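Note sheet for the following structure.
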Amino acid sequence: MSSRYNFKDAESKWQAEWEKRRVFAASEDLARPKYYVLEMFPYPSGRIHMGHVRNYTLGDVVARYKRARGYNVLHPMGWDAFGLPAENAARDQKIHPAKWTYDNIATMRAELKRMGLSLDWSRELATCHPGYYRHQQKLFLDFYRAGLVYRGEAFVNWDPVDHTVLANEQVIDGKGWRSGAPVEKRRLAQWFFKITAYSDELLQALGGLERWPDKVRLMQENWIGRSEGAYVTWKVQGRPKGQSDKLEVFTTRPDTLYGGTFLALSPHHPFTDGLAKADPKLKAFVAECDRLGTSEAAIEAAEKIGYDTGLKAEHPFVPGKTVPIWVANFVLMEYGTGAIFGCPSGDQRDLDFVRKYRLPVIPVVMPRDADARSFAIGDTAFTDDGVMINSDFLDGMDTAAAKRAAIARLEKDGTGRGTVQYRLRDWLVSRQRYWGCPIPFVHCESCGVVPVPDKDLPVQLPEDVTFDKPGNPLDHHPTWRHVDCPQCGGQARRDTDTLDTFVDSSWYFARFCSPRADEPVTRAAVDYWLPVDQYIGGVEHAILHLLYSRFFTRGMHKTGHARLDEPFAGLFTQGMVCHESYRAADGRWLYPEEIDRKPDGGVVESATGKPVTVGRREVMSKSKKNVVAPAAIIDTYGADTARWFMLSDSPPERDLEWSAAGVEGAWRFINRVWRLVEECTGKSDARGDATELRRATHGAINDITQLLDRFKFNSAVARIRELANTIEEEAGKGADAAIVREAVEALIKLLGPMMPHLGEELWASIGGKGLLCEQPWPAADPKFLVADTVEIAVQVNGKLRATVTLRRDAPQDEAQTVALSQPAVQRAMEGKGVRKVIYRPNQVINVVA
RNA sequence: GCCCGCUUGGUGGAACUGGUAGACACAAGGGACUUAAAAUCCCUUGGCCCGAAAGGGCCGUGCCGGUUCGAGUCCGGCAGCGGGCACCA
């Protein structure tokens, strides 16, 4: 054993050993409790980054720890391999998306392997592989047959230059992010998942996800957006030609109907469409609304514009009363019925609108203590609950009662009904792109939309595609789309859209259970492994990915592919990795390795010696060059250093600041432990007192076990360091050799999940049997967890005045006598008598003077 | 605008369900070893005050107030920072 730890040899040696012995290969074993640890699989963008290192380190600690605790652990890895960057690379670099993707996977796999993760690589999968997406097509068809997939029309952001549909985030100031052309709203026939069929269930079931962060549950709750209200039907006066004579609105405030002074329709409401045909001004107004779009700057968004159709609607409660019908840009077709009634006295937005267009305001709710005769609305609507006024039969009721009464009346009159609305919309999954899972449907002139028969799956992506023309390469392909109709045998064409990549990631956790099965999932395997016991990833997926996966699992349940509803029993969202940024005087961003720190604390550019502006620490990003490449760190310090640093200092849910000094500190600790084990196990015949050391050892085992269970890895790191400190001290004092050995063994086992290579090397060096990663977790002996004496705090009037050592569980009179005899206590009492004593055994005694 | 979270030394952070604030590190300063450097080891390190020293006192967890024998922890208000959603009827 040499005195300096050679991480290069050790890390590759143990990685080879684990692989050779297949120690992380998982198989179903009903005799043992299972534990499925999963980290969100990466997009193969090229290289792994520090965010991956953090994510996979956290998961690996859990996996190794649970394995040591006797669980049958499944810990797989795969690739979220479809997506737009591959097509961009194809166009810009003339590389086929498949080659680009598989090359990146090879690079990243090699980088991940160098981290020493306890992964079952035999289960590796890539979503772009036909062996994966074939089964996704099967699920899509099964969902279709179960009524969870349908074809509908949707407005999309259409880029007229690139001939493609853009995601909202690709529309910047109303223009395509790449072409710069003004984006058009187009109505296209698209595929949807019927996620709204589960709105209420997805909401209700959040309550059962006890091991999910509250934050994520709340975000999903808000996203689903349940609200109670009513549909109200208004009769349109003087029915316009070819139009409905009724308009249905949704409202959460049926109580304020008497305050309604106008109706507003969405620019995309069918009624609006009908009117616009004969009204060029309205048509222009609708076009104007479309131009403003949804992603306009906040200032633009704040402007509310309307168009008076000149039509009137009859008030459902007040015979003879009518209100004008407007079209307004702020009414969304996608929410409610696409039409509202405006009550300016009770809604700020409506109030702003009527002030602009000079419509009337009728106050209908006032604060409890206000006077009905003098209560008036100025520039602020009264939106709180209160007492009803100017509302006929509702007058005097409170808001809740008025809502109930108004709904009852609507239902009795047949002019409306109580209902529940959700903000959640169905999931649009069609993408006009090449690098995605083909949608297994055929369009036939005579049969319509026909599913591809199961036996013909997969519908495989053609490889010979070109990216030099704008638009979807599948559309341009000379032959691919032409196909015989599976139903009538006549000429038909394939659906050339591909699925949103969120579909790929909505079931990969299930596929991992039987990754090579000839069906999407093997029931026995998913029944055994699912749900995922611990899922770990970034909070940026808190809504879409996690919600889609929850929906998809329900769909798989309904179609008989699984028997559970919730895929992730436990969820942990980690913080991001940050670094300060550096900027030269001329504005260039500099990489951390391009700067030097001077002794006086100043920072200069290495190449020029000129001073550098140090920016605040923020999320690592290539554009600001505040990045550190994991590969470089592993080359210099090894994987264990990177892992240890990732776990130290910052709690995993918070952002972590990467610092060179912190990495150095981690590296120093590894060498310190190395020397410690070498030195301490050398002294074989010492017979000193060892009670302190045993207490430290078993206390550490106990604490670290609990800390790992609670995801408090940074605290576990601190306790491991403490144990190392104590061993060094006690061994230096000549503690009993057998006890030192016990402590060192515990230390090695405790650090094993965090620094597995160092752990194996140390384990071998002290003559441990087998592999460390197969050793059981150490057990704390309870008899060393409690001391005979305890130090307790002595307070006078709540202020600490002394600490005294007492027998454990000493009775109050004894504690009181000792406490009062303390000089500092006497001084603080200033001769006053004892009025009261609060005694918490083994903790504190507080004397009230 | 609405909803949520956070705020503790020079820095990252610790403190179980209200009970000795600052664990464990980083940085800094001092010292040892060395021809020197690296590495390593030891000591000091929240602020202020009294004292030659030993020791002692006061203040202190963003700010203001409250509950309690006792508050970093609970409650109310405010500020700052961060996140989510955003014309949601």
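Model, not experiment: these values are computed from the prediction. Residue numbers begin at 1 in each chain, while the letters A, B, ... track the order of the sequences.
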Syn or anti for G9(B) (syn when the glycosidic angle lies within 90° of 0): syn

Sugar-phosphate only, base, or nothing, as touched by Ile838(A) at under 4.0 Å among non-hydrogen atoms: base

Residue whose closest nucleotide on RNA chain B lies nearer the 5' end, Ile792(A) versus Ser227(A): Ile792(A)

Nearest-angstrom distance, C1' atom, U45(B) to G62(B): 24 Å

Stacked cation flag Arg423(A) on Tyr335(A), 6.0 angstrom / 45 deg: no

Complement of G80(B), any strand, by Watson-Crick or G-U distances under 3.5 angstrom: C6(B)

Identity of whatever pairs with A25(B) - Watson-Crick or G-U, under 3.5 angstrom: U11(B)

Phosphate OP1/OP2 of A89(B) contacted by Lys304(A) side-chain N/O (<4.0 Å): no

Nearest-angstrom distance, C1' atom, A71(B) to U20(B): 14 Å

C6(B) versus C59(B) - spacing of their P atoms, nearest Å: 29 Å

Side-chain N or O of Arg710(A) closer than 4.0 Å to phosphate OP1/OP2 of C16(B): no

Options G84(B), G13(B), C69(B), nucleotide nearest the side-chain atoms of Pro651(A): G13(B)

C1' atoms of G12(B) and C4(B), separation to the nearest Å: 25 Å

Nearest listed nucleotide, side chain of Arg654(A), among U40(B), A14(B), G84(B): A14(B)

Euclidean distance for C1', U35(B) against C42(B) (whole angstrom): 23 Å

Protein-nucleotide distance (Lys215(A), atom NZ; C85(B), atom P), rounded to Å: 12 Å

Between Glu729(A) and Asn725(A): side-chain donor-acceptor atoms closer than 3.5 Å: no

Arg827(A) side-chain proximity, nearest of G56(B), G84(B), C41(B): G56(B)

Asn846(A) side-chain proximity, nearest of G19(B), G57(B), G84(B): G19(B)

For atom CD of Gln220(A) and atom C1' of C85(B), their distance in whole Å: 14 Å

Distance in angstrom units between Arg801(A) CZ and G56(B) P, rounded: 12 Å

Atom pair distance, as rounded to whole Å: CG in Asn797(A) and P in C58(B): 12 Å

Short side-chain N/O contact to C69(B) OP1/OP2 from Arg835(A), under 4.0 Å: no

Interatomic distance at P, G22(B) relative to G9(B), whole Å: 14 Å

Residue pairs, two or more places apart or on separate chains, that pass side chain to side chain donor-acceptor pair (under 3.5 Å) and touch residues 790-804 of chain A: none

side-chain N/O Arg423(A) vs A89(B) OP1/OP2, d < 4.0 Å: no

Asn222(A) CG - G1(B) P separation (whole Å): 18 Å

Donor on one side chain, acceptor on other, Asp200(A) and Tyr422(A), under 3.5 Å: yes

Under 3.5 Å on both distances, the Watson-Crick or G-U partner of C74(B): G66(B)

Sugar-phosphate, base or nothing in reach of Arg226(A), heavy atoms under 4.0 Å: nothing

Val844(A) vs Val847(A), nearer the 5' end of RNA chain B by closest nucleotide: Val844(A)

Donor + acceptor pair across side chains of Asp255(A), Thr399(A) (<3.5 Å): no

B/S/- contact track for nucleotides 21-30 of chain B, protein heavy atom under 4.0 Å: S-BSSSS---

Modelled atom types, side-chain donor and acceptor of Tyr307(A) and Glu288(A), under 3.5 Å: no

Phe262(A) and Tyr357(A) aromatic centres sub-6.0 Å: no

Give every donor-acceptor pair under 3.5 Å between a side-chain atom in residues 647-660 of chain A and any protein atom, sequence neighbours left out.
| residue | atom | partner | partner atom | Å |
| --- | --- | --- | --- | --- |
| Ser648(A) | OG | Trp644(A) | O | 2.6 |
| Asp655(A) | OD1 | Met576(A) | N | 2.8 |
| Ser659(A) | OG | Gly662(A) | N | 3.0 |

Sugar-phosphate only, base, or nothing, as touched by Ser648(A) at under 4.0 Å among non-hydrogen atoms: nothing

Phe250(A) CZ - C88(B) C1' separation (whole Å): 9 Å

G46(B) - base-pair partner by Watson-Crick or wobble geometry, distances under 3.5 Å: C59(B)

Lys712(A) side chain near A15(B) phosphate (N/O to OP1/OP2, under 4.0 Å): yes

Nucleotide G56(B), atom C1' - distance to NZ of Lys799(A) in whole Å: 14 Å

Base partner of A32(B), which must satisfy Watson-Crick or wobble distances under 3.5 Å: U40(B)

Heavy-atom closest pair, residues Cys289(A) and Asn329(A): SG-CB, 3.5 Å

Separation between the P atoms of G77(B) and G5(B), rounded to whole Å: 14 Å

Sugar-phosphate, base or nothing in reach of Glu791(A), heavy atoms under 4.0 Å: base

Interatomic distance, Gln843(A) CD vs C16(B) P [rounded to whole Å]: 11 Å

Distance, P atom - from C3(B) to A28(B), rounded to whole angstrom: 46 Å

NZ/NE/NH1/NH2 to OD/OE distance under 4.0 Å, Arg355(A) and Asp352(A): no

